[in-house]
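The structure under discussion appears below in the form of structure tokens.
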Amino acid sequence: MTLGLSVIGLLVLLALGAHVGTAMGLVSSGMVLSVDGVPLTVVAQTAFKSINSYPLMAIPMFVLMGNLMMRGNIVAVMIELIGSLVRCVRGGLALTVMLACVFFAAVSGSSVGSAAAIGAATVDGLKRENYPPRFSAALVAVGGTLGLMIPPSLGFILIGSIVGLPVDKLFIAGILPGLMEAAFLLMTTVWLTRRHGYGNTAGTPDFAGFTRRLPRAAGALSMPVLVLGSIYLGIFTPTEVSAVAAGYAALLCVLIYRTMKWRDVWQASQESILQSTMIFMVVMGGSLIGFILARMGVSASLIGFMERMDMTAWQFLLLANVVLLALGMFLDGVAMIVLTAPLLFPMATHLGIDPVHFAVIMVANVEIATLTPPIGLNLFVMSGIARIPVEQVARGVVPFYVTRLVSLALITFVPALSLTLVH
């Protein structure tokens, strides 16, 4: 009864426009009061403990790095470099945009941030080459989701801190699935552009232009190498490299590209603090809900239910995907992870599913959630940038959505994709 009322209360607060973190905090506090033997001081203690985490300290720095790369207009540098070689084929600009999404995913860690940065830099150019606005918006919305899978990923940082998995292993586990998703999205882009005859062609690759632009782009290209290489080689932890990368991004934008001034860095820092605070609010609220659900024995009840149903690992994975896809219609990615990870991970490990593999599955679902109406954040971001209704963006996403579901199935039922580089 208490659980049902809490779910209804959470949905009502969200419908009234309350912030997700605030709604979860209020609901969880009410749940604490309804359980005998749990002092109210537990609210403060659990909230503090949930964010007093070394891995979580990477979030503000990765958010700052992404904001600096966006404000510094690094996307334009990469678009010019990639376009030198790719623009010669039919739909070359669309392929250039998708490849830029892959690059930005390796430096941003955020789906919405990637979509906003790339959309602002490319939508007008796509329009000038007669790409339909619906296709252009959908292209960037879908490409932006790669920021959640290709490391550094805020999703992996959250999962690692909540369930106690090494963030560096999660980052490494996301590389092959992220590249596979990118390859499938590129193939879908080629198919759509050729089928509908979108875009212009430049004739031949501009190797001279590529060579000329490469030195200028070298600073930006080195960012993924810095982040992933230092983690893979054990030079820095993810938290340490986040600070190094944020500092490097500031120097890159202010001193090398000169697209920002130091006061712009300060403004980006202020924005990053606000964005990180919102994430931490969701983490605190979700941790409180997780604590009280554990106190009520919900996790143990779910495991017992699984045993009574004689559920196999593949059946659980199928059910988990269905549940996560459904929740993705109503919750943003951070809330999904914080609410479901404490419940689903014990069930997965009980069935012998590798927790690193399950973390990658969860992030793949969060990627799809950013494209799923009515809450899909990337749809709203691109609706504003392309100045078209959200419904039009959602229609354009449909072919890519099918590709995303195929990728999710492969990630779910081919564990080697996630575990080959880890073990």
Open item on the list: Could you check whether any side-chain N or O of Tyr248 sits under 3.5 Å from a backbone N or O of Leu226, counting only pairs where one atom can act as donor and the other as acceptor?
Closed with: no
Open item on the list: I'd like to check the side-chain hydrogen bond (donor to acceptor under 3.5 Å, both in side chains) partners of Thr412; sequence neighbours left out, ordered by chain and number.
Closed with: Asn321
Open item on the list: Please give me the minimum heavy-atom distance between Ile79 and Val97, naming the atom from each residue.
Closed with: CD1-CA, 4.2 Å
Task: Rounded distance (nearest 0.5 Å) linking atom CG of Leu154 with atom CD1 of Ile337 - done: 9.0 Å
Task: Close side-chain approach of Ser230 and Val244, heavy atoms under 4.5 Å - done: no
Open item on the list: So does Pro389 get a backbone contact from the side chain of Gln392, meaning a donor-acceptor N/O pair under 3.5 Å?
Closed with: no
Open item on the list: Per the ring pair (Phe, Tyr, Trp, His ring centres under 6.0 Å) rule, what does the pair list look like for residues 356-381, sequence neighbours excluded?
Closed with: Phe316-Phe358, Phe345-Phe358
Open item on the list: Nearest 0.5 angstrom please: Leu68 CG to Asp264 CG, how far?
Closed with: 9.5 Å
Task: Nearest-0.5 Å distance, CE of residue Met382 to CZ of residue Arg387 - done: 10.0 Å
TODO: Heavy atoms only: give me the nearest Ile235-Glu240 pair and the separation to one decimal.
DONE: O-OE1, 4.3 Å
Task: Side chain to side chain, Phe171 and Ile157, heavy atoms closer than 4.5 Å - done: yes
TODO: Could you pull out the closest heavy-atom pair between Met149 and Ala364, with the gap in Å?
DONE: CE-N, 3.7 Å
TODO: Would you give the length of the straight line joining atom CZ of Phe156 to atom CG of Leu165, rounded to the nearest 0.5 angstrom?
DONE: 10.5 Å
Task: OH (Tyr232) with more than 12 external heavy atoms under 6.0 Å - done: no
Task: Set of side-chain hydrogen bond (donor to acceptor under 3.5 Å, both in side chains) partners for Gln275, sequence neighbours left out - done: Asn67
Open item on the list: So Ser84 and Arg213, do their side chains get closer than 4.5 Å, heavy atoms only?
Closed with: yes
- [ ] Using the test side-chain hydrogen bond (donor to acceptor under 3.5 Å, both in side chains), find all partners of Ser383 that sit at least two apart in sequence or belong to another chain.
- [x] none
Task: Counterpart residues, side chain to side chain contact (heavy atoms under 4.5 Å, CB included), relative to Ile273 (two or more places apart) - done: Thr277
Task: By side chain to side chain contact (heavy atoms under 4.5 Å, CB included) - contacts of Leu185 (at least two apart) - done: Met98, Val142, Leu146, Phe400, Thr403, Arg404
Task: Expected output: side-chain Ser53 to main-chain Lys49 donor-acceptor under 3.5 Å - done: no
Task: Donor-acceptor contact below 3.5 Å, side chain Tyr257 vs main chain Val77 - done: no
Open item on the list: So, using salt bridge (charged side-chain N to carboxylate O under 4.0 Å, His left out) as the criterion, who are the partners of Glu271 when residues are at least two apart?
Closed with: Arg71
TODO: Measure the spacing between CG of Leu93 and OH of Tyr131 and express it to the nearest 0.5 Å.
DONE: 5.0 Å
Open item on the list: Restricting to side chain to side chain contact (heavy atoms under 4.5 Å, CB included), what partner residues turn up for Leu179, sequence neighbours left out?
Closed with: Ile175
Task: Listed partners of Val422 passing side chain to side chain contact (heavy atoms under 4.5 Å, CB included), at least two apart - done: Lys169, Ile172, Ala173, Val356
Open item on the list: Can you list everything that forms a salt bridge (charged side-chain N to carboxylate O under 4.0 Å, His left out) with Arg195? Sequence neighbours excluded, please.
Closed with: none
Per-pair distances, 0.1 Å, donor-acceptor, side chain in residues 278-286, under 3.5 Å, sequence neighbours excluded:
none

Task: Inter-residue atom distance Leu327.CG - Asn365.CG, 0.5 Å rounding - done: 9.5 Å
Task: Taking every non-hydrogen atom, the tightest pair across Pro346 and Thr349 - done: O-OG1, 3.1 Å
Taking distance alone, no hydrogens or angles, what donor-acceptor pairs closer than 3.5 Å link side-chain atoms of residues 55-66 to residues at least two apart or in another chain?
none

Open item on the list: Within the structure provided, determine whether Met223 and Met69 are in side-chain contact (heavy-atom separation under 4.5 Å).
Closed with: yes
Open item on the list: For the residue pair Tyr54 / Ser161, report whether a side-chain donor-acceptor contact shorter than 3.5 Å exists.
Closed with: no
- [ ] For residues Pro238 and Ile231, report the shortest heavy-atom separation together with the two atoms involved.
- [x] CA-CD1, 4.1 Å
Task: Closest non-hydrogen atom pair, Leu176 against Leu417 - done: CB-O, 3.3 Å
Open item on the list: I'd like to know if the side chain of Ser153 reaches the main chain of Ile150, judged simply by a donor and an acceptor atom lying under 3.5 Å from each other, with no hydrogens or angles considered.
Closed with: no
